[in-house]
Every structure is written in structure tokens, then in C-alpha cells.
Number of protein chains: 2
Amino acid sequence: MLKKLKRFLIGRPLKNEAAGDEKYGILWGLPILASDAISSVAYAGQEMLMVLIPAVGMAAYAQVSYISLAIIGLLILLMLSYRQTIENYPNGGGAYLVAKDNLGVLPGVIAGAALSVDYILTVAVSISSGVEQITSAYAPLKKYAVIICVAVVLLLMIGNLRGVRESSKVFGIPAYAFIIAMLSMIVVGFIRLKMGYVPTPPPTVKTIVKPISIILMLKAFSSGCTALTGVEAVSNAVPNFKEPSTKNAKTVLLLLSIIILTLFGGTSILANYYPVDPDNGAVLIQIAEMIFGRNFMFIYITATTFIILVMAANTAYAGFPLLIAVMAKDGYVPRQLSMKGDRLSYSNGIIVLSAVATFLIVLFKANVSSLIGLYAIGVFISFTLSQSGMFVRWMKYKGSYWVGKALINGVGALVTAIAVGIIAWAKFHEGAWIVVVLIPIMVFAMLKVKKHYIAVAKQLRFRPEELMAINVERDVYRNRVIVPIDSVNKSSVRALRYARTISDNVVAFNVSIDAESGERIQEKYAMLKTDIPLIVKYSPFRKVVEPLLKFIESAEYEYQKGDMITVILPKFETKSWWHKMLHNNSRIFIESELLKHKHIVVAVMPLQLKDDNYVLKNPKYN
Amino acid sequence: MLKKLKRFLIGRPLKNEAAGDEKYGILWGLPILASDAISSVAYAGQEMLMVLIPAVGMAAYAQVSYISLAIIGLLILLMLSYRQTIENYPNGGGAYLVAKDNLGVLPGVIAGAALSVDYILTVAVSISSGVEQITSAYAPLKKYAVIICVAVVLLLMIGNLRGVRESSKVFGIPAYAFIIAMLSMIVVGFIRLKMGYVPTPPPTVKTIVKPISIILMLKAFSSGCTALTGVEAVSNAVPNFKEPSTKNAKTVLLLLSIIILTLFGGTSILANYYPVDPDNGAVLIQIAEMIFGRNFMFIYITATTFIILVMAANTAYAGFPLLIAVMAKDGYVPRQLSMKGDRLSYSNGIIVLSAVATFLIVLFKANVSSLIGLYAIGVFISFTLSQSGMFVRWMKYKGSYWVGKALINGVGALVTAIAVGIIAWAKFHEGAWIVVVLIPIMVFAMLKVKKHYIAVAKQLRFRPEELMAINVERDVYRNRVIVPIDSVNKSSVRALRYARTISDNVVAFNVSIDAESGERIQEKYAMLKTDIPLIVKYSPFRKVVEPLLKFIESAEYEYQKGDMITVILPKFETKSWWHKMLHNNSRIFIESELLKHKHIVVAVMPLQLKDDNYVLKNPKYN
């Protein structure tokens, strides 16, 4: 039944060969990769206002326009930088790969850790903001915000477990719908102004005549930098594009930058003329209400803004599992994260992403302003490392026009490095410290994981001369079997038969609590008339493992170095899930205790239990 | 390290022979078994007041005295009844055993289910009430009530996992201290009244002149019946007494009844002269403050009341695991609950009891009045069944003075049956419905468990002629081995050597994703120069289990009915807990999938991994 539910939710498994079909062109690649960046229109400006309004009141709106200009400059620089990255790395991998390739392991792992944090926060921030749009348009939902957020994460998880291609189609059309929504809002907004409409400023925002401080500007700038998260998604996902993938990716990146520039710039200027108080709800929704009133367009804008933010989270679902799988293949995160799931998506990564994002949403009560403090720093660290890597690469390999190209990446690296410093410093108390502490811990853990895998590989590896010296047929073990039995029944006799199959050196082993029960089993065992001896031990601790190990070590057993002892443990296979709880508890314990000894193999022998009603009604068993 | 912590908390394991020492005499048996009953002084009267005060105001205090009289009558009847039970059941087992023995399986299981519910509620109610005493004396703690309750449950759990004898010593002395506290409060209270002290009635309780309704009286009576829970603990625990255990148990029961009578009666009368509002906190603590003021005696009474309530919970820790273990031995609850733990206490039962009680405390926010609605009904059901059982027993076996004895048990059964009806009816909406619904569900589940164990036993059982027909040496299987390998390394070669040890029919099996990696492993495998063939399959699903099962079923493998296939899976044994997470994930999945097939045995071969640093520093591995 669980399997059926899984199939219904996740769909049929796809074959390996189907992987080629799962890639996307410009038309679908743009919305699925662009949504993170363009959706930040919904919160980046708003969060800047929330920093500035308490200090400078109405003057904040103008300041936001100036800061937005700086951010747009940064965007153009990043776009140029990343086009060069795409060209040089047609197999994708993004900052992690570029940094590892050109700067070494440590910078690569730092970039990987930083990006992972960023992806998780993209999900948390985007969905929290998306739900905020809805609750701003329809206030009674406000108290269910956290629950709605968690439900959306769940839906995204299921959608992505179904596979990449379907994600892009399901989530593709609304991305264009959002772009149309924003453009019409900007156009209609300016037309209404031209026609003489004078919006009334919000009474809750005062006019404060006070010079703005540098630290405030930098705080606002840090909040605004969240508009740029998502730009790197395109270069990470180059191999997800249809051929020619490099060209398609570069085109998508260019289109993406133009769209961000238009929407982010346009709404920033618009906010100057339609000032609203961000404390009253999502800024975009309030502006939409002022321009359109509560009509169809208002609903359309609310809906598409919500959906584009959900798609932004979906960008992380496209990027994070890919990144983690690449790092898992390199051995920096547990190997099981590199395994592809049923529908060719990286199921484990998808589940981890959903779980951590849900945790953050619940922890910060789906409050965008609380989450925004943690955001952006991760992605700017990876920007810096990626651009630095590209800069080093040009210096090393040169090539045509390399000086100009190196200059672009070098300036990119420098500017984003400065931004990292600004964000870490300005937002330290607002949550950036969490990321500043977390990333080194993650890097440490990743290096430890890698070290472990290297140590394991070294232990398992043969040198050529060792491999040649092996003779499997000659190097067999002296083979001995022990069959622990509770009583003489079909299960234990089956185990004895199997034991006799694999060895001539078998003993049956029983632990009894008192002499009486010991004698009883010996009597019954004698009826078997087998030449396998039965050893009965009395356990003062009522345990099986200790007496068994003691017996193996005792002179009685004559254990010799190099003997391999197989212990046979029956396992009851039951039909229903709750029957499982009624069996096998002691087997699991005994198995894990015995396996701590390298000369003991545990052979688990399944015994299929028949349905209770079948047995009780069948005269054969009565 | 975890083991060390366990040893520190739970103590060294005890030997079987030490079990005799773990029993208790009258001196320690009285406090450990009596505390449930005598501690109800702290809440039974108070809960009656909380029912009556809103309806009749000041008149409630007098009414409580009358109802208490009825409850004391019930107590004497129960005491007489249970003395007869103790005499007839020197091996204990209480209501479950008596009902099963004389009335049949169903009444026995009902009694067992009802008692289990009662034990759990004893822990939840007693600890919630205990902490209420503390928070009534020191109000700032009120907001931490739930956390304190959970901490106390945890401490009790650890204490009881350490073993019975130590529990009785640790918790013995304060039980006497509480009796002294209550007696001095009653004595000093009456002396102060004689000396002319006139307590002022609480201003919040009004004088309402209104006839009291029958339903209210019955509700108050139902709350008061909680005073009688715990009386059955003595008869359940007869075998825990030192020899002569029957006589010791009867003496303890008599002493217990006298103490309850004195304390419950005394405090009920006292409350008439020192009226307080139960809404302001625990009644006992308020009365103590009126009599003594906030001096040493006040602290002494608060502390001993708290401690006796904790001990009441401890009564359940003595009784519940014993009951569950008896039922587990009979097969009505999962067998693992019958296993004794390290320190001869029934660890699993103790842990289950703690977990469910904690759940209830958190669910009902440690509110005694909320929990009290669920309480008492369980224990009165078991009273009824136990007394009915005894009545039927007298009718059947007769014996000296049997008519009188039958009369006592018969009246006992009738009166307690009426009480069950009253409690279920009067408290239905206050939570009794939960128990009314829960007990049938538990009974149903217990009967299903029993049915399953019977069906399993029938499947495993040999008839004598079957047993005689077995010849283990003749009935061996045709033995074949498959060794799944990922690559040629020390782990897979070790598995091949073991495979060759147990069989001459071995194949190595590899699942590759593409032809390239398939060829690579074949080349390396060829260097082994073994006669074991390597089968390489390509998996479109990237899974191991499906191709392996398909191979077994294919003509290529020539599987014949009766062949037993051993699949060897290496398991990495790691030194640190976090390394475990980096391995074995796919092995666990493959193992459980393969074991669904009765002709497949999974042999788990441990491979001890060495410490990372040791390997990396050792030139042998480099």
C-alpha cells in the first residue's frame, strides 16, 4: 500500500536512457532557472525599505532607488563574469567545481558549503515571502502562515521527486505570467501618474529630516543583495540544457539579467511614487492595490507573485541535489547522497533540502525579515570563490583576449568579496553570524568525511603485487558453524539443515535460564538423532551474546586463529507491518553484537510466516 | 561512552541468583506499595471540592465529609476482599490472573488492559499533583510545571532501571515522613481550633443556598474514588515480598488501610474547619499554610507531599512491568516485554510506562483535574473482575467458611461494578470516554497478538512423527553462493574467499551503469585468476536487488527448487558513531529486500575499519 502511494505521488521509475529527455531548452530553462533571481523583486526592495524607514521615514523611498542602482551594476558585472564561466565549464558544477579546479580543495569545499546554505535559505526565504504575499492580500490567513509554508515545501518535494522535466513544464508557464504581471503593473502605474493620479503616502510613515548613516546604507544594501541570489544557478546547471548547452545557457543568463534589470529597476522607481508601509504587509501587493484596486489584476499579481516565489524555491530543488551529488561523488558528503532516485532526480538531496528548509521556516516562524539576515552571505562567498577561480584560470592558461577576460573576473571577485565583508559586518547580529559559524563547521565535517573515505579506500585497495598473490581457492577459511536455538522447532531444524549444508563442523547452542529447561531441550533435541552436538549453557544474565562469545573463546570450542565462524540466526518474515514488531527484536541485537567480531559471519535465514487465519483454519497445523 | 553512561545511571548488571535479595519485608514493602493509596490524600478531596464548590459554594466542605465516609466504607470492603485474594494467590498477578483463572481469557485480558491504563494514569496524575504541590507553595515555578513533571518521570525511570531493592530504600523513608507530616497537621490543626483559632473562609468561595443534585454528588464521588487506586498493588506484588510472603502482604494491606482511613478521614474533616479555594492551588498546601504559617513545618509538609506523590508513581513502576511481563509470557503483549533487563527489573515495561505517562502529562499540560477524568475507571474495572473471579472461585472450590468469604467478594464485586457505572456515566465527558474507547481497542489488540503467537507456534511445531522423520544430515540443501561486488578490493576478495569456504558453487555478481565501467571491473577481476565466474549486468534503474533477483530466476543461473542461495554482503564496522552514517545504507536495503525470498540466506560479513589517522599515517597503506 505504501508502495502504491509512492508510485502515485512520484510516478513510475524512469530508465537510464530516458535521462536525455529530461533536459531543457531556452524556453523552459529560463523560467526554471530565472525564477530565483526575478522573484527577489518581491522582497529585496521591501527589505531595504524596512531597514531605512524607521530611521529616515519618507526619504527611504529615494534611497532605495540609489541602492538599487548599485545592485543593478553588480548584476551586470556578475552576468559578464558568469558568461565566461559557462563557456569554460560546459559540464557545470558552478562555484564548487570552479574553485576546486583552480584554487584547490579547501576553497572548493568552502564554496560548496556556502552554496548549500544558500540553496536551503532560498527555499525558506522564497516560500516564506510567497506565503506573505497571500496573507497580505487576504489577512485572515496570516495565522496559518507557517502551516501553509510547510505544505508548500511538501508539495515541492513531491513534485521534484517526480523528476526534472515535469518540474519545468509544471512551473514554466507561470514564470512568464509573473513577468507580464510586473510589466503591466509598472506600465499602468506610470500611465496613471501621467494621467494625474496622486497617491497618498501612508500615514504611518513619517517625514524625518535626518542625514542617513553609512551603516544604514550598507545594511539596506546587504538586504538588497538578496536580489542577486540565483544568478549562479544557470552556470551550475549547464549540463541540464539541451545541446548546444553552453550557448543555450549563455542566452538564458543574458535574458535573465535583462529581466531582473527591468523588473527590479522598474519596481524600485515605482515605489517612489506609490509609497507604502512595509509593516502593513508585502510591498508589491500594496502597490498593486493602489494601482489596480481590488480587481482581477490585483488577484492576478498576487497569484503570480506567490507562484514565482514557489518556483524560486524550485530553483534550489534543481540546483542543490546536483551540487550535493557532485560533492558526494568526490567523497565530501555521505555517498548515499550521490545515488539517483527512481525518477532520475537525486531523491536523497531533495529530501534533505526539504527537511532543513522546513526546520528553518518553523524556527523563524516564516518571517522573511528574520530569515533575510542569514541569506545572501552564502551566495556571495561562492560568487567570490568562483570569480577568483576564473581569474586564476586566465592567469594560468591565458588564451585569446585573456587580459580583458581576467579583468572582468578579477573585478567581479573583488567586488563580491567586498560585498561579503559588508553583509557579514552589517547583518552580523541579524543572523549572518549563524552562517559565519556554520560554514566553517560544515567545511570541517566535509573534510573529515573525505578523510574517512580516503582511509577506507586505502584499507581496501590492493597493490598490484598483492592482487597477483591472491588465490581465492587456496585461501579459504577453516569453516565452522554455530546455530543458537531456543527450542527444537521447524525454524531451528531448518537452520541446522542449512548449517550442515555449508559445513561439517557444526554445533547447536542453547542458553537456558535453569537446569530444568536445559534438560527439557536436551531431551527433545535427542529425538532429532543428529550428529550435531548441542551445547547448553546457563546464563546468569539471561543473555545470549555473552555466553556464546565466552563459549567461542573457551578451550572447549578449540577456536584457532583463521577460523571463520558462521552464526545462523533465523528471521521471521511477516505479512503485516505490526507483526514485525512482535518478532526479531533480539535477533537484531544479537546480530549487531556478534558482528563486532571480525571472525564471525552472521547468516540471516528468512522464514516466511503464513497468515494467522490460514494457519488457524488449516487442519494441517492442528 | 554510551555504555559507560548507562552503567553509571543504571548500575552494574546483577546475577540471576541476586534476585532473592531484591525482595522486601513489611518495613520497606509498606512504603513502596502504600504510597499510591495514601498519596491520594493530596488530590482526592481537592478534586471533590472542585466539583462541588462552583455549584453549592461553602456547603461543599460538609458534603465532601459525607462522600468521604462512603469512600472509606468502600476501602474497608476492598481491604477485606483483597486479603482473601492474597491468601489464594501467593504468586501474585492480581486482577489479570484472578480473572483469567476463574472467569476465562476475555475477562482476564480486560482486567489486564484496565490495570495497564490505571498504572499509566497513576504515574501521570501523581506526578502532576506532586508538582502542583510545589508550584502552589512557590508560585513562580508554575510555568515550568510540565518540564518539571517530565524531569521527574525521567528520574523515576532511571531509578527503577537500577532495580527494585534500591527503589524501596531510596523511596522508603520519606513515606513515613509524609505520614508523620499529615498526622501532625491533623493534630495541630485540631489543637489550634480547640485553642480558639477561627480561620477565615476564602472570600472567593460564596455561600450558595441551593439543594445539591444527585449527579453532582456522583461526580464528586467519582473524583473521590481515585483515593482507592493503589489498593490492588499489594495483591499484585505478593511474590515481591520476603517469606512468609502471604502473611507479610496481608499485614501490609491491613496497615495500609488503617493509614488511608486515618489520613483521608482526618484531612476531610479538617477541610471543614479550614476552608480554602482549590482554584488558588493545592488544598493541602493551603491548609498547611493556615495551620502553620510559612515556617519549617510548611516546607516539611510541601516536601513530603511532593515526595509521597512521586513514590505513588513509583508504585506503578513496581506493578506495571510485572503485570506486562506476566501478560507477555502468556503472549498477549509483545514478547520482548517479558525480558528482564540488566538489573533484574523489567526494563522494557519501565520504558513503555515512562513514555506513555510523559505523553499524557504533556498532552494534558500536567493539569490534575483534566487527568482525573480518565483515572479510577480502569482500576475499578479490575476491582470488579478480580472480586467476581474470587466469588466464582468460592462457588466452585468451596472450602472452610466459604459462604462468608464468597459474600465478602460478591458484595465487593457488586459495589465496585456499580462504581464503574457511576464513574463512566458521571465522568464521561471529562475524559472517561477515552478510557471506555481505549480498553476495548487494547483488548482487541491483545487478542490479536495472542492469535499471532499461537499461529506462529503452530507453524513451527513438529508432531512427534515429523520430528522422528527428520534427518538433518540427509536433508541438506543444494548450496549456492552469490557474492555481489562493486569493485575488486580487500572486502570483496574476503567475501569471495568466504564464499569458496562454504560452497563450490559460487558466482560473483556486479551491476554496472555502463559498458565502460563493466569492462573495467572485468579486467581487474581477471587478475584474480579465480575459477569463480563474474557475472556483469547493466542496470537501467541503477539498482542491485532487481537485476540480482532477475538473474537468479533466469535460465542462465539454472536455479532448481530446493537450492539455498547464500548472498554474502560485507558490513563495515566503524570505530565512531558518525562513520556508521557513511556506510551500510545500501546493504541494509539490499538485505531486507533479499530476505523476502525464502530460498535466499544473507550472510553478513563484518569488516573492521581501522582508525582514519592510523591508516593515513601508516606507510603500509600508502
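A, B, ... follow the sequence lines: proteins, then strands. Residue 1 opens every chain. Values reported hereafter were calculated over all heavy atoms of this structure, with side chains retained and with hydrogens, waters and symmetry mates removed.
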Face-on cation placement of B:Arg461 at A:Tyr621 ring, 6.0 Å and 45° thresholds: no
Name the member of A:His599, A:Met468, A:Met527, A:His579 that forms the most heavy-atom pairs with chain B at distances under 4.5 Å. A:His579
Heavy-atom check, side chain of A:Ile470 versus side chain of B:Val493, under 4.5 Å: yes
Is any side-chain heavy atom of A:Arg494 closer than 4.5 Å to one of B:Lys598? yes
Contact origin within B:Arg474 toward chain A - heavy atom pairs under 4.5 Å: neither
Just so I understand: if I count every heavy-atom pair under 4.5 Å between each of B:Asp514, B:Leu460, B:Ile568, B:Thr530 and chain A, which residue has the most? B:Leu460
Check B:His597 against A:Pro606 and note the closest heavy-atom contact, atom names and distance. O-CG, 3.5 Å
Can you name the ring-ring contact (aromatic ring centres under 6.0 Å, His included) partners of A:Phe462, sequence neighbours left out? none
B:Lys458 side chain to A:Asn618 side chain, donor-acceptor N/O pair below 3.5 angstrom: no
Counting only heavy atoms not in A:Lys617, do more than 12 fall under 6.0 Å of its NZ? no
What part of B:Val567 gets closer than 4.5 Å to chain A, counting heavy atoms only: side chain, backbone, both or neither? neither
Can you find a pair of side-chain heavy atoms, one from B:Leu595 and one from A:Glu573, that are under 4.5 Å apart? yes
Are A:Ile502 and B:Tyr477 close enough that some pair of their side-chain heavy atoms sits under 4.5 Å apart? no
Apply side chain to side chain contact (heavy atoms under 4.5 Å, CB included) to B:Asp486 and list each qualifying residue two or more places apart in sequence or on a separate chain. none
Can you measure from CE (A:Met605) to OG1 (B:Thr566) and round to the nearest 0.5 angstrom? 8.5 Å
Any heavy-atom pair between the side chains of B:His452 and A:His583 that's under 4.5 Å? yes
Heavy-atom distances under 4.5 Å only: say whether B:Tyr453 touches chain A with side chain, backbone, both or neither. side chain
Could you tell me whether a side-chain N or O of A:Gln459 sits under 3.5 Å from a main-chain N or O of B:Leu609, the two making a donor and an acceptor? no
Where does B:Ile600 contact chain A at under 4.5 Å (heavy atoms): side chain, backbone, both or neither? backbone
Between A:Asn471 and B:Lys529, is any side-chain donor less than 3.5 angstrom from a side-chain acceptor? no
Contacting region of B:Val615 [heavy-atom separation from chain A under 4.5 Å]: side chain
Between the CG atom in B:Leu467 and the OH atom in A:Tyr525, the distance rounded to the nearest 0.5 Å is 11.5 Å
Under 4.5 Å from a heavy atom of chain B, the part of A:Val333 involved: neither
Would you say the side chain of B:Val449 lies within less than 4.5 Å of the side chain of A:Leu582, judging by non-hydrogen atoms? yes
Looking only at A:Val456, A:Leu607, A:Asp531, the option with the highest number of non-hydrogen pairs under 4.5 Å against chain B is A:Asp531
For a side chain to side chain contact (heavy atoms under 4.5 Å, CB included) check, start with the C-alpha distance between B:Asn613 and A:Lys451, then their side-chain angles and the critical distance, and finish with the verdict. CA-CA 9 Å; B:Asn613 287 322; A:Lys451 183 177 160 189; 2.4 Å; yes
Residue pair A:Met564 / B:Arg497, side-chain heavy-atom distance below 4.5 Å: no
Please indicate whether A:Glu465 has more than 12 foreign heavy atoms, meaning atoms of other residues, nucleotides or ligands, lying under 6.0 Å from its CD. yes
With heavy-atom distances below 4.5 Å as the criterion, would you say the side chains of B:Tyr498 and A:Val472 are in contact? no
Does any heavy atom of chain A fall under 4.5 Å from the side chain of B:Ser503, the backbone, both, or neither of them? neither
A:Glu473/B:Arg500 ion pair, N-O < 4.0 Å: yes
Portion of A:Tyr614 that has a non-hydrogen atom of chain B nearer than 4.5 angstrom: neither
Do you know which of A:Glu466, A:Arg463, A:Lys571, A:Lys448 has the most heavy-atom pairs under 4.5 Å to chain B? A:Arg463
